[in-house]
Amino acid sequence: GLVSLPLDDILDALTPLETAAGDVSIDLSNNEFKGDEVVTELQNHLTCGADGVLFLGMSQTIFPTVAQLCQNFEVPFVFHANIPADADWPAIQENAYYTGAVISQEYAAGAAMGELGLADGNQTAIISAAALGDYVHDQRIAGFTDTFEAGGGEVVYVAHSADPSAGVQKANDFMTAYPDADMIYCTGGDYLSATISAMSSRPEADYKLYGSDMSPETAQSILNGDVTALNGGQWIAGSLAAALLINRLDGHAILDENGQAPLFDNMNLVMLTKDNAQGFINLMAEGGLLTEADFDTLLYRNNPNVDYQSFYDFVGNVDELISERIS
């Protein structure tokens with residue numbers, strides 16, 4: 001049994017991996033953005049005999065504690081989506097139970113939206129994001145801001161919400177303060193939905209909306225004309241990291257050229273516009289972005305030749321693979 005913490009969005013992406021692996025069960029723990037509960041939940045799972053831990057940490061400060069806990073229980077672990085702070089990496093890489101990490105290029109995801117915003121003629125932008133210190137959102141903000149402002153645009157305001165429930169109020173506040181901004185970039189799906197909700201009660205609001213964290217629901221917003229473009233698909237990093245974990249448990253740990261547990265940080269997000277939004281919705285309804293056959297190639301139990309290079313190539317090309325499937 002593997003345990004995955006803490007977002008249940010990851011579960012659907014893990015289904016084809018479970019099918020491909022055959023005898024793997026995945027138990028999910030969702031801590032609803034409450035960092036203090038993560039350690040308690042993890043201790044409970046480890047005490048109950050979890051064989052491996054697939055960890056998504058919303059805050060970088062918690063990674064050393066998680067790594068130490070797994071070491072104490074002698075349980076292999078992988079990270080996805082977020083990674084530890086630079087200062088904490090050396091100790092974690094020396095941890096005998098650290099098995100690897102897969103993260104998407106979040107700075108590039110923000111930069112892509114900055115480029116698109118400029119290409120669409122926007123000159124002023126508002127950003128709606130999670131609380132400061134969330135690695136994914138911070139990277140997206142930086143990528144967007146650097147790119148948009150390098151191209152002559154101006155980010156007039158960045159709103160940070162302590163949690164998604166604050167998103168609607170934040171949106172109303174910044175729309176009142178900046179009624180003439182051209183566009184809003186929401187760095188997460190919750191904040192995009194909150195902004196759409198706030199705009200629906202303000203008929204005078206005239207912003208182009210862009211977002212990261214695509215879902216079938218937000219993709220439908222493109223088809224409805226509420227949203228111009230989205231990017232996302234980062235949740236599959238969790239299933240790719242889980243494949244690393246299963247390989248280690250099968251006695252075939254994937255190691256980089258230095259003989260260390262790998263960090264795959266070469267995954268790009270998929271871009272959605274009105275041209276492929278319906279294709280994405282259809283693919284998700286059919287079972288998700290990746291298939292059992294994809295995971296067969298990544299699991300040692302099904303492909304004895306799998307190695308670091310095959311993982312690196314798959315992660316690096318997965319956005320193109322998915323884009324072809326939804327086009």
Side-chain angles (χ1 to χ4, degrees), residues 1-11 13-14 26-104 106-107 129-142 160-166 187-191 212-213 234-235 237-242 244-245 248 260-265 267:
L2 309 181
V3 56
S4 173
L5 297 104
L7 285 181
D8 46 8
D9 289 350
I10 312 303
L11 190 57
L14 289 168
I26 296 175
D27 186 16
L28 202 86
S29 177
N30 185 344
N31 300 285
E32 298 177 346
F33 300 92
K34 298 170 185 171
D36 54 338
E37 293 183 11
V38 172
V39 173
T40 304
E41 284 284 325
L42 179 56
Q43 283 177 314
N44 291 341
H45 284 291
L46 291 171
T47 302
C48 291
D51 297 307
V53 172
L54 171 67
F55 183 73
L56 190 164
M58 305 309 290
S59 169
Q60 288 185 307
T61 58
I62 201 165
F63 284 92
T65 305
V66 168
Q68 187 61 54
L69 257 178
C70 291
Q71 184 174 16
N72 293 348
F73 279 86
E74 302 182 352
V75 170
F77 61 95
V78 291
F79 299 138
H80 65 107
N82 293 359
I83 52 173
D86 290 346
D88 295 323
W89 261 121
I92 286 173
Q93 287 174 317
E94 290 171 13
N95 187 315
Y97 296 92
Y98 168 63
T99 301
V102 182
I103 62 168
S104 43
E106 301 298 350
Y107 182 94
L132 272 169
D134 184 309
Y135 173 87
V136 170
H137 289 255
D138 291 350
Q139 288 289 305
R140 291 172 180 172
I141 293 167
H160 290 283
S161 298
D163 60 63
S165 64
T187 59
D190 291 321
Y191 306 102
S212 293
D213 280 2
Q234 72 281 355
W235 63 83
S239 55
L240 298 172
L244 290 175
L245 193 54
R248 165 149 184 184
Q260 292 184 305
L263 165 61
F264 295 104
D265 59 359
M267 178 181 143

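As the structure is a prediction and not an experimental result, all values here were calculated from the model. Nothing fancy with the numbering, it's 1 onward along the sequence.
- In this structure, Phe264 and Leu240 have side chains that are not in contact, with every pair of non-hydrogen atoms separated by 4.5 Å or more.
- In this structure, the side chain of Asn95 engages the main chain of Ala67 through a donor-acceptor pair within 3.5 Å.
- For the atom pair SG of Cys70 and CG of Leu42, the computed distance is 5.0 Å after rounding to the nearest 0.5 Å.
- One finds the CD atom of Gln68 at 10.0 Å from the CD1 atom of Ile92 (value rounded to the nearest 0.5 Å).
- A distance of 6.0 Å or more separates the ring centres of Phe73 and Tyr97.
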side-chain contact (heavy atoms from CB on, under 4.5 Å) between Leu14 and Leu54, intermediate numbers included: CA-CA 11 Å; Leu14 289 168; Leu54 171 67; 4.1 Å; yes
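- Asp51 contributes atom CG, which lies 9.0 Å from atom CG of Leu245 (distance to the nearest 0.5 angstrom).
- How far CG of Leu132 is from CD1 of Ile141: 6.5 Å, rounded to the nearest 0.5 Å.
- The CD atom of Gln43 sits 9.0 Å away from atom CG of Asn72, with the distance rounded to the nearest 0.5 Å.
- Between Gln60 and Asp88, every side-chain heavy-atom pair lies at or beyond the 4.5 Å cut-off.
- What you find for Ala261 and Gly100 is that their closest heavy atoms are CB-N, 3.7 Å.
- Counting only heavy atoms from C-beta outward, the side chains of Phe63 and Phe77 never approach each other to under 4.5 Å.
- Separation of atoms CG (Asp213) and OH (Tyr191) is listed at 10.0 Å; rounding is to 0.5 Å.
- Nearest approach of Pro164 to Asp190, heavy atoms of both residues: CG-OD2, 3.4 Å.
- Between Tyr107 and Ala142 the shortest heavy-atom distance is CE1-C, 3.6 Å.
- Within the 4.5 Å cutoff, the side chain of Leu263 has heavy atoms near those of the Ile103 side chain.
- Just one of His137, Arg140, His160 meets the side chain to side chain donor-acceptor pair (under 3.5 Å) condition when paired with Thr187; it is His137.
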